[in-house]
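Start at 1 and go down the list; that is how both ligands and their atoms are numbered.
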Amino acid sequence: MPLNVYQPLFIIFTGYNKYFTLKFTDFGFDERLMEGIDASGYEDATPVQEQVIPLIMAGKDVIASAQTGTGKTAAFLLPLINKIITDTHEDHTNNALVIVPTRELAIQIAQHMEGLSYFTSVSSIAVYGGGDGNAFVQEKKALSHGADVVICTPGKMMAHIKMGYVKLSGLKYLILDEADRMLDMGFYDDIMFIIDHLPKKRQNLLFSATMPFKIREMARKILHHPEEVNISISKPNEKISQWAFIVYDTQKIPLVKYLLGKTEFKSVLIFCSSKLNVKQLTRDLKRAKFLADEIHSDLEQDKREEVLMRFKSGRLPILVATDILSRGIDIDNIDLVINYDVPHDGEDYVHRIGRTARAEADGTAYTFVSVKEQRKFLGIEKLLGKPVPKAQVPAELGETPLYNTASSNNHPGNKKFKKPRRFYNKSKK
Ligand code: AMP
């Protein structure tokens, strides 16, 4: 057997381990927190969550480079909520302080917090600038009474601390989120002022998209023997023309057929998130007389090698695959990648579409986004730093859903879910 047949298969199997991702049940979270996770629709942990959650649960200080869109907020909120539920701590004190650069981020984290802690009694408050006198009074009341988690912007928190009523003696956790942005915005002195008022013995977590020298310097002053986690994501190749189709699930198969029938592609790789979808789509394509075949872990290795060889040689123009093919495999002439299902996270998206536009060639990547996948795709777009252009679904396939860019961390499917309030998430008894 020539080497080039074995080589990609070896890479497939090493890459395959990645898909045994951790489930949230693996972290040993309290049941009430698990309910919030389920209601938020999270199933598998993202890479940053896999790495950061066990460290926080073990009481370590952590410095993590992770961008928005990686799931970093839940990576610190989940263990924090769990600790507050299960640890003994002083009542009526502010237990955890999350310092963030902007009021938008403070509000977003407070909403995230409310969704995840919905079935617990953990209380939280967002403290940020720009509010009226009424807001200040409400914040003052909450801070003097004590909320479990305080999410604040530096300037506003400093102003409250200076007034002397903020209880900080029982504080156990400090989180600095988007630390690089806070330094760029000139918050260094405000942050250090706040930290000077905190108990020395506490757990510290620092998240930053980038790790310039000044962040490391600040971390050296604030963190104690931190564990370092680095989740950097590559950007997709500029030569890939990316499009997303916002569809209903039932429109996915007709859309694949439409796209393959309309334009002649020499080599097409279609990714599905489950073996079931791979099998169903391949069956339908074959019935419609497309030259398609499938590859997934149910097939014997000989069969996989044979299918892959036909695809690489150009004799098989359409290959439908699970994620086992998303990494490492080196095929230069793929001109179209279709994400039949939205990939698990941003890193997988970049790897999947990176199968096209290799070497000097250009390539196209289509992603089909069903209603229930919209939130996941929005997270991927955040990570990429820009939206993926939306392509028009042909009228003959019928009406399509709207892309709800406002979909957030709320779980609208949950009938019990209340709209987040502005300041106080839960009244503390
Ligand atoms: P963040 O990086 O914290 O801004 O999160 C980006 C998006 O990913 C948010 O909309 C989160 O609700 C969502 N998210 C976070 N963790 C998960 C997960 N494990 N599974 C699915 N979505 C998640």
Side-chain angles (χ1 to χ4, degrees), residues 18-27 29 33-54 56 62 64-82 98 100-102 104-118 126 149 151 175-181 205-210 229-233 273 323 341-350 369-388 403-414 417 420:
K18 198 227 162 234
Y19 295 97
F20 293 109
T21 41
L22 286 181
K23 298 265 177 216
F24 285 102
T25 40
D26 298 328
F27 297 117
F29 287 146
L33 179 55
M34 285 306 299
E35 277 190 69
I37 295 171
D38 281 350
S40 298
Y42 300 173
E43 284 168 16
D44 301 321
T46 66
V48 70
Q49 291 162 358
E50 278 183 358
Q51 292 192 45
V52 166
I53 291 174
I56 304 180
V62 176
S65 80
Q67 293 144 307
T68 298
T70 53
K72 69 178 166 66
T73 314
F76 65 78
L77 285 184
L78 291 172
L80 191 65
I81 298 167
N82 196 71
V98 183
V100 303
T102 61
E104 288 72 24
L105 190 57
I107 294 169
Q108 192 181 304
I109 295 178
Q111 290 177 345
H112 220 120
M113 174 79 203
E114 182 165 23
L116 294 171
S117 67
Y118 189 79
V149 181
I151 302 146
I175 296 103
L176 300 173
D177 193 17
E178 304 207 350
D180 49 353
R181 250 175 107 194
L205 315 170
L206 184 150
F207 289 80
S208 189
T210 57
V229 169
N230 190 347
I231 303 286
S232 50
I233 104 129
S273 292
D323 270 314
D341 299 306
V342 172
H344 178 57
D345 54 43
E347 194 70 26
D348 283 349
Y349 177 81
V350 174
V369 186
S370 69
V371 176
K372 66 176 186 309
E373 292 172 316
Q374 288 196 7
R375 192 166 49 172
K376 191 153 62 156
F377 194 62
L378 200 62
I380 290 174
E381 289 185 312
K382 269 197 211 162
L383 195 65
L384 298 173
K386 56 181 175 197
V388 174
Y403 189 47
N404 180 14
T405 49
S407 65
S408 67
N409 306 306
N410 298 347
H411 19 88
N414 180 354
F417 186 68

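- A salt bridge links Glu178 with Lys72: at least one charged nitrogen is closer than 4.0 Å to a carboxylate oxygen.
- In the vicinity of His112, heavy-atom distances shorter than 4.0 Å reach the ligand 1 atoms 11 (C), 12 (O).
- With a 4.0 Å cut-off on non-hydrogen atoms, Asp44 touches ligand 1 through its backbone and not its side chain.
- In summary, the atoms of ligand 1 found under 4.0 Å from a heavy atom of Phe24, numbered by their order in the structure, are 19 (N).
- Ligand 1 has an N or O atom lying under 3.5 Å from an N or O atom of Gly71, backbone or side chain.
- Using a 4.5 Å heavy-atom cutoff, the side chains of Ile380 and Val342 are in contact.
- For Ala64, the side chain to side chain contact (heavy atoms under 4.5 Å, CB included) test picks out Val52, Val62, Phe207, Val229, with sequence neighbours left out.
- Ligand 1 has Lys72 within reach: a non-hydrogen atom of the residue lies less than 4.0 Å from it.
- Polar contact with ligand 1: absent for Glu43 (N/O pair, distance under 3.5 Å).
- Distance check, rounded to the nearest 0.5 Å: CG of Leu116 to CD1 of Ile37 gives 6.5 Å.
- The closest donor-acceptor contact from the side chain of Gln49 to the backbone of Ala74 lies at 3.5 Å or more, if one exists at all.
- A search for side chain to side chain contact (heavy atoms under 4.5 Å, CB included) contacts involving Thr73 returns Phe76, Leu77, Ile109, His112, not counting sequence neighbours.
- By the criterion of a heavy-atom distance under 4.0 Å, neither the backbone nor the side chain of Lys376 is placed next to ligand 1.
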